[in-house]
Amino acid sequence: MIKASVYVTLRPGVLDPQGETIKSSLNDLGFSEVAGVRAGKYLELDLDTDDVAAARSRLDDMCGRLLSNPVIEDYTVEIEERRGS
Amino acid sequence: MIKASVYVTLRPGVLDPQGETIKSSLNDLGFSEVAGVRAGKYLELDLDTDDVAAARSRLDDMCGRLLSNPVIEDYTVEIEERRGS
Amino acid sequence: MYDDHPVWEDVGLTREEYEVIRSDLGRAPNGLELGMYGLMWSEHCSYKSSRRHLATLPTEGPRVLQGPGENAGVVDIGEDVAVAFRIESHNHPSAVEPFQGAATGIGGILRDIFAMGARPVALLDSLRFGDPKDPRVRYLFGGVVSGISWYGNCVGVPTVGGEVVFDEAYADNPLVNVMCIGLVEKDRLTRGLAAGEGNAVILAGASTGRDGIHGASLLASREFDEDPGDMRPAVQVGDPFREKLLIEACLEALEGGAVVGVNDLGAAGLTSACSETASRAGSGMWIDVDLVFRREEGMTPYEVMLSESQERMLIVAEAGREEEVLEVFGRWNLDAAVIGRVEDGELLRVFCGEEELASIPVMGLTEGAPDYDRPGLAPRPSRPEPPVGLGMDVDAGRALLELLAHPDMASRAPIFGQYDHMVGTNTVVPPGAADAAVLRVKGTDKGIACVTDGNGYACSLDPRRGAELSVAEAYRNICSVGALPLAVTNCLNFGNPEVEEVMGEFVEVVAGMGEACRRLDTPVTGGNVSFYNETRGKHIHPTPVIGMVGLLEDVSRHATAGFKEEGDEVILLGGDATHLGASAFSRVVAGVDNGPVPPVDYGAERVVGSVCRRGIAAGLVSSAHDVSGGGLAVSLAESAMLSPVGMGATVDLGSIHDPISALFGEEGARILVTCSPGVSESLLEMAGEEECPARIIGRVGGSRLEIGAGDSLHLSVPVDSLSSAWERGLE
Amino acid sequence: MRFGVVRFYGSNCDRDCYHVVSRVLHRPVRYVAHDESSLDDVDCVILPGGFSYGDYLRAGAMAARTRIMAAVEEFAAAGNPVIGICNGFQVLCEAGLLPGALMVNDGLRFICRPSLVRVEDNETPFTSGLQPGAVMSLPIAHQWGNYRPPPDGFRGRIVLRYSADDGSVTPESNPNGSWQNVAAIANARGNVLGMMPHPERSSESILGGEDGLGFFSSVVSWWEGGTSYV
Ligand SMILES: Nc1ncnc2c1ncn2[C@@H]1O[C@H](COP(=O)(O)OP(=O)(O)O)[C@@H](O)[C@H]1O
Ligand SMILES: [Mg+2]
């Protein structure tokens, strides 16, 4: 069993209305040090395999095909192995 | 300037319709090894301060007050310092 | 960057066009100027291939307050209320990024409406996709519908109608046409005028970023051969939340009386908004790009002038009262700044601080754009002998089920169920319940009806008749709810106009549409042209989409399509179909892809529409539904499925020429109405007065739909079976 | 009896609620801005539907932290009637004035259609004129209507549940996956009500139904008649 984390973020230059709105709400709440917020997605996946290399390439595939929208988003994948589970 | 990452995830035991739908779409696409998906949020914040300890406590505060909903969500904060910027 | 001369090709112009610019200016344009010309002279902004043809459309009528040339057309509905409406395409952006492309399409059409000072009250979407079995098409379809749902729901404008057609012809070029309707008190009607020397030019809303640069000239004015990946920088992300604030702020600013003119920033951004508003008013204008608030650092003046960032508006305010306007935007948490002034003269001048970067005659950018008489190859419409019955031995019941389950005819509930169609509490007839949506006009007894209709398939067989048919169908749909058709907006979706075959189709479609609008007294008050819907040399069907609005004097007197009461009589207004030309039956059931497209009988359309309206206004009519795609059988089936408890009907067509043609043919002006037995006679009398063919053909009741002619029963299907085929068709 | 309709940035049913109160109920009403701090001049507060702050981050999250919500909390603590409709319900949960949270619908999509609900509790100001067990048709229009109780147990009142037309509460009649088919809840005291369906959209016959009017007329009779449950 492999546990993977996928972070999906907006590509640089793509407008992030959600992030901007969160930022101004934080500022209004008195967190004036917040200079910028970018909002993205965080996914945790459990994969039924022990082959890390294969998993990595499959995850790339999943990101390309479903988890992210390459037109406006980038993604990062992190893998954490859990032995013996 | 401090860059912080906030991960907001659903608390264990809270049903995650989005994660489940993503899982079944991935299975349908042939990624049969995907045994579970949990969907969360990923926020990147730029903070206009250099005081890491203070920033950490402020971030806790932001998460408690706005960024996460303690009824259904947990959060994790990571801080990455960027010197000299 | 502005002095880093891009060549004419880089901005999508031809050498000849470049030469015209040179001679107009009396010098070579600098890079910024050339970029501005490139955008304004793009097909998308200048209508250079279509202008002379659009000029032939009928645009006047007693109710028209504003015809083409403004952000939206406007018609008077009495009691000091006017309706602003317009349709626009977002085809290319939606092909690249369906969710955001469709969403920003909604944003854009809304801005055209509130630029007129009108509060947007309804949206409609007219969509075309390829075969829904294709996963890529499913992805586009799903993305477009959720994009419309997201943006429209969030801004709080109900999406009350529209249409979807699936056809291979749109596999690579989906069409996303969106229409918006707004209401405005007549004396609040605003125009996109930059008038009055010294008046302030205010930019309000979102900050300006690098998004969408060259969207109009590159995305929308060229063929789509390139890998869509190359186009991605032009994709924009919408912010419906900010748009909602912008609507409220603009309408509030207008109440203050300090505003002279308003224009949206759409294609070609600041360049277009400034030159169009100045051009309409016959003024000059200067602006300073340094005063434009931005979201990205290091933007060049060129980028600022060409950016197509969403959710921005240009407001021209009286000199000395600009603070009042800025204050309103501030209260709505929106940025706004004076970026320039109206001035006498004829120049649009762009500064960066003290430095003058561009100086162009306003009219040169707008009216001075090229006007091409592109050669068109006259289409040779296929007009074979009309097919009768197709010589087939078909089971009519099975054919009906097949038609109902076809993606083009199946229930649209999976789509409009994702759209908030009730917000605003004006929706009297929601999507799916009748041939057109009906909205009440609060503060009056009136209602407005609206619809979009297009028949690209018929246009592909016979562009002129197909266009006429599209107008006629919209007209009939408006009449079926009891409304008087008032006016038309239209979106003309075509391939590459430089291809003679496409241009020929275009000319025919405009002629057909114009003819229909003249004959049916529904002037054209505006619209949009989308060319270059073409991929790898394959172009879409010529697809004019008609947006029509109608008026109900008493909104409580309207009709919906579902049968209401057991025992009601079914009356057919109009004659029987005698052939299957260009019908869904011949295409879907028989697999015959051929014409002829039936001609429109305008006299019949008018009397059928009139009798239907009068019957509804007199309270005689229980339900009304026109006969169109799928013919009489599908129409009856729909009324049965839409009845509260799955009420069927027994119909006897009497002596008919050919049963299959009568059941499934689509020719002619026909509306099916039901009346309680006591009042049928009065309706038939009305029909008699107008020499409208009308007869009782059956009775509502039972749980089956049975259609026969004389002694023979042609079809008998339980309504439940009809519903389950119909409801699953789009899943 | 005077109503206040709160407007957050992005509220979009504010005008609809205002219309029902002023034109159908014929009661005085004013808009209350998100940055106001006093509700002294109103007797009932309506938090309308819409997409406050674009529903960004979480539906209702940012609206719940605006200045007016402190005043709403005080107003509710004094036993005054507060109703949150759709986004207003989400705001009340986010603000902690109602227990639990609203998550994305099971189907993930926005749903707009009529729904049937059964009245479970008529001892709140907003349901005092309704019959327990009655089935009403009310429109829903939401993407985040899937109600979850707090992890440490539900200590409020269930006021409406999605049901079939005979009043049976079935999984098929649940449009969004809500716990216990919840369509509306109230706080334990009963004076703060949150509901996903839109009563203001079915308060006039021309819009196809008047079942929603009962919520508004109940609170008017409750207040004007001085009946007190709280
Ligand atoms: N097919 C058409 N029929 C009639 N009028 C049209 C058509 N296409 C465009 N127009 C009119 O031409 C004017 C310019 O259109 P456009 O440049 O697209 O406007 P905008 O800048 O508001 O997007 C508008 O008033 C529009 O209504
Ligand atoms: Mg415009």
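Here is how names work: the chains are called A, B, and so on, in the same order as the sequence lines, proteins then strands, and each is numbered from 1. These numbers come from the heavy atoms of this one structure, side chains and all, not from hydrogens, waters or symmetry mates.
With a threshold of 4.5 angstrom between heavy atoms, Ile22(B) approaches chain A through its backbone and through its side chain. Heavy atoms closer than 4.5 Å to chain A are found in the side chain of Thr9(B), but not in its backbone.
Using a 4.5 Å cut-off on side-chain heavy atoms (C-beta onward), Lys41(A) and Tyr42(B) make no contact. For the pair Glu44(A) and Val37(B), the minimum side-chain heavy-atom distance is 4.5 Å or more. Side-chain contact check for Val34(B) versus Asp48(A): every heavy-atom pair is 4.5 Å or farther apart. Between Arg38(B) and Leu43(A) there is no side-chain heavy-atom pair separated by less than 4.5 Å. At least one side-chain heavy atom of Asp61(B) sits under 4.5 Å from a side-chain heavy atom of Phe31(A).
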Take Met1(B) and Glu33(A), measure what side chain to side chain contact (heavy atoms under 4.5 Å, CB included) needs, and give me the verdict at the end. CA-CA 9 Å; Met1(B) 184 66 89; Glu33(A) 71 269 39; over 6 Å; no

